[in-house]
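Notes for the one structure printed next.
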Amino acid sequence: MLQQTRMETVLPYFERFHARFPNVQALAEASEQEVLRLWSGLGYYRRARMLHAAARQVVEQFDGELPQSAAAWRRLPGVGEYTSAAVASQAFGERVAVVDGNVKRVAARYLGLALAADQPALHRQAAEWGAELMRDLPQARGGSRPAGDLNQALMFLGASRCKPRQPDCASCPIQAGCKAAASGQPEAWPLPAKKKAMKDLHLLFLVAGENRSWWLQARQEGWNPGLFEPPSLPDGDPTALRKFCRQHRVESAYQEIGEVRHTITHHRIRARVLKFGSWDSSSGLDPAAVPLSALGKKVLALAGYRS
DNA sequence: CAGCCGTGGTC
DNA sequence: TGACCAAGGCT
């Protein structure tokens, strides 16, 4: 859950998720839809599907025993260099360095690397720096976890002092050897990344339903795969709308009830919402019982759905 | 390697 | 308002 997502955002999701799936067996036995439902709103839904797949793999292939090393964790779906190092350093005391956004920023400043945050070269050099710090660590004893502590310390330093903007060098414990602090312009590191262009997308949502029964479809591809939303199609094509209504046996009498704006990664979505009065309500779904995307929630809220 | 995937907070 | 960014990983 913490991949690309802040602790404060994750916490309430984690609490609910962990209450429902207290162990790997419970997660493995759940349906993917149930897993997505408890994840819905957190974003990056592929993480949920991969976590679910990993749980099933652990139960089916390893008899429910969790991997005991970074290398073994790394083989699970959804577990990359960062996550395997985070788990193994905290749980097993393994001397593997984490490289996240914080560590990369701290490394760029401390070492004075003229690289942008999204450059693989920065990731590589931050990893080398981390490995070097790991080698100089004292041996673990008496239950101490120097490797895990170092990893958390670097990430916390990045989040609390060595922030992207207005870093607090005065309170930084490693200011003495820091190139960026010495320059007087610590904010100049890392270099500005090339900005990615946003694309505008115009959609049309078709909403029908009331109370506990609404017209919802599971998305198959593109964004939010596996999540439910009211059906949508590209805006600006009346023929497509008529065809869609005919296919789904919905009378094309509707009311335009408003507009919803939403951003998904590099897409800026502007969606008009049409509400239909008559539809085949026998196929209605309860929005509370299926995984909804944030976009789907916005559309339903506009249409009068109260969760 | 480059592109892709969500959402919410901050300034 | 918009740009940036966050405890990344997969294709």
Side-chain angles (χ1 to χ4, degrees), chain A residues 1-14 36 39-54 70 73-91 96-108 116-124 126-127 130 148-160 162-167 187-201 219-229 260-270 291-298:
Chain A
M1 285 181 170
L2 287 168
Q3 290 167 0
Q4 291 282 280
T5 310
R6 295 169 189 281
M7 175 69 80
E8 313 85 75
T9 304
V10 161
L11 268 178
Y13 286 88
F14 175 79
L36 282 171
W39 199 282
S40 94
L42 243 196
Y44 281 142
Y45 297 100
R46 205 168 47 161
R47 294 180 300 178
R49 305 164 74 126
M50 290 190 293
L51 176 61
H52 186 223
W73 272 86
R74 178 72 180 80
R75 291 181 211 114
L76 292 173
V79 178
E81 292 301 324
Y82 164 78
T83 304
S84 59
V87 169
S89 64
Q90 313 291 340
V96 278
V98 297
V99 180
D100 73 334
N102 291 304
V103 175
K104 284 196 279 188
R105 185 174 55 258
V106 172
D118 62 351
Q119 282 185 270
L122 176 55
H123 188 101
R124 203 160 50 240
D149 288 350
L150 171 61
N151 281 334
Q152 292 209 71
L154 279 178
M155 290 190 286
F156 185 66
L157 183 65
S160 62
C162 201
K163 298 171 292 184
R165 284 179 298 266
Q166 297 190 344
E187 216 168 316
W189 282 267
L191 265 41
K194 244 175 84 176
K195 52 188 167 196
K196 291 158 195 163
M198 297 289 286
K199 279 185 188 170
D200 287 303
L201 208 58
R219 290 192 61 91
Q220 299 301 326
E221 51 192 34
W223 318 294
N224 304 333
L227 274 75
F228 288 73
E229 290 171 359
V260 162
R261 291 168 188 272
H262 189 71
T263 301
I264 295 180
T265 55
H266 58 288
H267 294 268
R268 206 167 21 230
I269 297 171
R270 191 166 59 77
L292 291 176
S293 65
L295 174 56
K297 282 175 190 162
K298 283 185 189 175

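Each chain gets a letter, A, B and so on, in the order its sequence line appears, and its residues count up from 1.
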side-chain contact (heavy atoms from CB on, under 4.5 Å) partners for [X], two or more places apart:
| X | result |
| --- | --- |
| A/Ala121 | A/Leu115, A/Arg124 |
| A/Thr263 | A/Met198, A/Arg268 |
| A/Arg49 | A/Glu32, A/Leu36, A/Pro225 |

Next on the checklist: Near DNA chain C, counting only heavy atoms under 4.0 Å, which residues of residues 100-107 of chain A show up?
Outcome noted: A/Asp100, A/Gly101, A/Asn102, A/Arg105
Checklist outcome for this item: Sorted by number, residues from residues 76-85 of chain A placing a heavy atom under 4.0 Å from DNA chain C are A/Pro77, A/Gly78, A/Val79, A/Gly80, A/Glu81, A/Tyr82, A/Thr83
Checklist entry - Are the side chain of A/Asn102 and the backbone N or O of A/Gln152 linked by a donor-acceptor pair below 3.5 Å? => result no
Applying side chain to side chain donor-acceptor pair (under 3.5 Å), can you list everything that pairs with [X], at least two apart in sequence or on another chain?
| X | answer |
| --- | --- |
| A/Ser40 | A/Lys297 |
| A/Thr5 | A/Arg47 |
| A/Gln119 | none |
| A/Gln4 | none |

With rounding to the closest Å, how many angstrom separate the [atom1] atoms on [N] and [M]?
| N | M | atom1 | result |
| --- | --- | --- | --- |
| B/dG9 | C/dG9 | C1' | 23 Å |
| B/dG8 | C/dT1 | C1' | 16 Å |
| C/dA7 | B/dC5 | P | 22 Å |

Distance in angstrom units between [X] [atom1] and [N] [atom2], rounded:
| X | N | atom1 | atom2 | result |
| --- | --- | --- | --- | --- |
| A/Met198 | C/dT1 | CE | C1' | 12 Å |
| A/Leu2 | C/dG8 | CG | P | 8 Å |
| A/Phe156 | C/dA6 | CZ | P | 16 Å |
| A/Phe14 | C/dA7 | CZ | C1' | 13 Å |
| A/Arg261 | C/dG2 | CZ | C1' | 13 Å |

Checklist entry - What's the spacing between A/Trp39 CH2 and A/His52 NE2 if we round to 0.5 Å? => result 12.0 Å
Checklist entry - How is A/Met50 classified with respect to the nucleic acid when contacts are heavy atoms under 4.0 Å: base, sugar-phosphate, or nothing? => result sugar-phosphate
Between side-chain atoms of residues 76-83 of chain A and protein atoms elsewhere (two or more places apart, or another chain), which donor-acceptor pairs fall under 3.5 Å?
{"unit_1": "A/Glu81", "atom_1": "OE2", "unit_2": "A/Arg74", "atom_2": "NE", "d": "2.9"}
{"unit_1": "A/Thr83", "atom_1": "OG1", "unit_2": "A/Gln3", "atom_2": "NE2", "d": "2.9"}

Next on the checklist: Can you pull out every salt bridge (Lys or Arg N to Asp or Glu O under 4.0 Å) where at least one residue sits in residues 1-10 of chain A? Sequence neighbours excluded, please.
Outcome noted: none
Checklist entry - Going 5' to 3' along nucleotides 1-11 of chain B, which nucleotides have protein heavy atoms under 4.0 Å from the base (write B), which only from the sugar-phosphate (write S), and which from neither (write -)? => result S--SBBBB-B-
